[in-house]
Amino acid sequence: MLRALATAGLSDTAQHVVKACYGDDHPPKEKHVTKLVNLSLSNPTFNFIHHLAQRFQIDDWRVVMKALSVIHRLCREGHINFMHMLSARNHVLNLSAFLDRSSTMSWGQSRVVRAYGDYIAEKVYVFRKLSFSGERVSLRDSKEHVMKLSHGAVINAATMWVAQLSKLIDVKPYMEDPDHMHPVPANVFHLLLRDVFRLYSMLNVSMFRFLQDHIKYTVDQARAALKAFN
């Protein structure tokens, strides 16, 4: 009943966004996320970022964290145009002022929300700079992409992936019960774990490229590579 009231009068797309980001203690319902992913794939020019950004105006950490996780899924599984459109509106991911004051749990989870928003913003920034997101393609394709990069390009990419990994590591869980993670952030950390595996894989291949061809690098390139992998 409450979900029906919350979505009354909204477009079909807006309804799926609201239902996926509903303020309860469960991860986004897969059927709503899948609907949004399919919409992105079937209509690449359709921009529904504003529907998701509206969720950021609600002072409920569960709603905002779910909206970020939906964006995370769309970055990975939606049409690549979604990331292009998001990179043009990357400011919507600035959640540095977000704070849910309703409880001790909310204060703690608000820190997770802010860090998660920073990570997604960095992820989109890296995509915009490199025109590539290794998390979107297969492990084999991501490795092949790195192996085809020029010496300078592989160092630049590795430097940016290290920065992205650093932002990911900054997303630390808040747990009032050390033996139980709330289902909403648990879903987020599942997504982050998938990203961290891919980032480490691409960095390992980048290091292999450097060691394989290190004699071909200039002194400045070698120093940049050492700094990136330090």
Side-chain angles (χ1 to χ4, degrees), residues 1-87 89-95 97-103 105-106 108-121 123-124 135-136 171 173-174 180-195:
M1 176 64 73
L2 292 176
R3 290 174 188 262
L5 290 173
T7 57
L10 298 178
S11 67
D12 185 55
T13 301
Q15 287 187 37
H16 284 292
V17 169
V18 171
K19 290 178 178 179
C21 307
Y22 195 72
D24 58 20
D25 293 327
H26 303 285
K29 285 191 174 182
E30 187 62 26
K31 66 178 181 179
H32 300 304
V33 179
T34 299
K35 179 70 175 181
L36 294 172
V37 169
N38 289 339
L39 175 62
S40 173
L41 294 172
S42 64
N43 191 355
T45 61
F46 183 75
N47 190 343
F48 49 88
I49 292 172
H50 65 284
H51 291 303
L52 290 159
Q54 285 177 344
R55 301 293 92 197
F56 297 153
Q57 308 305 314
I58 298 175
D59 294 330
D60 184 330
W61 69 268
R62 298 167 301 180
V63 171
V64 179
M65 191 178 290
K66 286 183 183 185
L68 286 170
S69 71
V70 171
I71 289 173
H72 198 163
R73 288 280 303 274
L74 286 164
C75 286
R76 176 186 284 272
E77 302 168 36
H79 196 280
I80 198 169
N81 277 0
F82 177 82
M83 291 197 77
H84 284 298
M85 290 185 286
L86 188 57
S87 67
R89 298 187 59 190
N90 211 11
H91 62 279
V92 303
L93 297 170
N94 182 2
L95 298 171
F98 176 79
L99 181 59
D100 182 345
R101 296 178 171 86
S102 59
S103 67
M105 164 74 85
S106 300
Q109 297 293 0
S110 292
R111 291 196 297 270
V112 182
V113 165
R114 294 192 293 270
Y116 190 28
D118 283 346
Y119 169 69
I120 297 297
K123 179 185 178 79
V124 174
E135 302 86 42
R136 288 185 51 87
V171 188
Y174 174 82
H180 176 71
M181 183 181 289
H182 190 286
V184 175
N187 174 66
V188 165
F189 282 95
H190 173 74
L191 295 174
L192 291 173
L193 189 61
R194 294 175 66 186
D195 277 15

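Numbers here are sequence positions counted from 1. Computed from a prediction, not measured in an experiment: that's the story for all the values here.
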Heavy-atom pair of closest approach, residues Ala20 and Val33: CB-CG2, 4.5 Å
Rounded to the nearest 0.5 Å, what separates atom NE2 in His182 from atom NE2 in His26? 8.5 Å
Shortest non-hydrogen contact from Pro27 toward Val184: N-CG2, 4.4 Å
What distance separates Asp118 CG from Asn94 CG, expressed to the nearest 0.5 Å? 7.5 Å
Is a side-chain N or O of Asn90 found less than 3.5 angstrom from the main chain of Ala121, in a donor-acceptor match? yes
Lys123 versus Cys75, closest heavy-atom pair with distance: CE-CB, 4.0 Å
Any donor-acceptor pair under 3.5 Å from Ser40 side chain to His79 backbone: yes
List in chain and number order the residues that pass salt bridge (charged side-chain N to carboxylate O under 4.0 Å, His left out) with Asp60, two or more places apart in sequence or in another chain; answer none if no residue qualifies. Arg62
Check: Ser106 main-chain N/O paired with Ser110 side-chain donor or acceptor under 3.5 Å: yes
Heavy-atom donor-acceptor pair, Asp100 side chain to Trp61 backbone, under 3.5 Å: yes
Nearest atoms (heavy-atom pairs only) where Ile49 meets Val92: CG2-CG2, 4.4 Å
Kindly compute the distance separating CG (Asp12) from CG (Leu39), expressed to the nearest 0.5 Å. 8.5 Å
Salt bridge (charged side-chain N to carboxylate O under 4.0 Å, His left out) partners of Arg73, counting only residues at least two apart: Glu30, Glu77
Just by distance, do the side chain of Lys66 and the backbone of Lys19 share a donor-acceptor pair under 3.5 Å? no
Residue pair Arg76 / Asp195, side-chain heavy-atom distance below 4.5 Å: yes
Report the distance from atom CE of Met85 to atom CZ of Phe48, rounding to the nearest 0.5 Å. 7.0 Å
Is there a donor-acceptor pair under 3.5 Å between the side chain of Asn38 and the backbone N or O of Thr34? yes
Heavy atoms, side chains only, cut-off 4.5 Å: are Leu36 and Thr13 in contact? yes
Report yes or no: does Glu135 contribute a side-chain atom to a donor-acceptor pair with the main-chain N or O of Arg194 at less than 3.5 Å? no
Walk me through it: do Tyr116 and His72 pass the test side chain to side chain donor-acceptor pair (under 3.5 Å)? CA-CA 10 Å; Tyr116 190 28; His72 198 163; 2.8 Å; yes
May I ask you to decide if Val188's main-chain N or O and Ser69's side chain share a donor-acceptor pair within less than 3.5 Å? no
If you look at every heavy atom in Leu74 and Phe82, which pair is closest and at what distance? CB-CE2, 3.6 Å
What distance separates Ile58 CD1 from Phe98 CZ, expressed to the nearest 0.5 Å? 9.5 Å
Hey, could you give me the CZ/CG distance between Phe56 and Leu68, rounded to the nearest 0.5 Å? 4.0 Å
Please answer whether the main-chain N or O of Val63 pairs with a side-chain N or O of Arg55 as donor and acceptor at a distance below 3.5 Å. no
Taking all non-hydrogen atoms of both residues into account, name the closest pair between Leu52 and Cys21 and its distance. CD2-SG, 4.5 Å
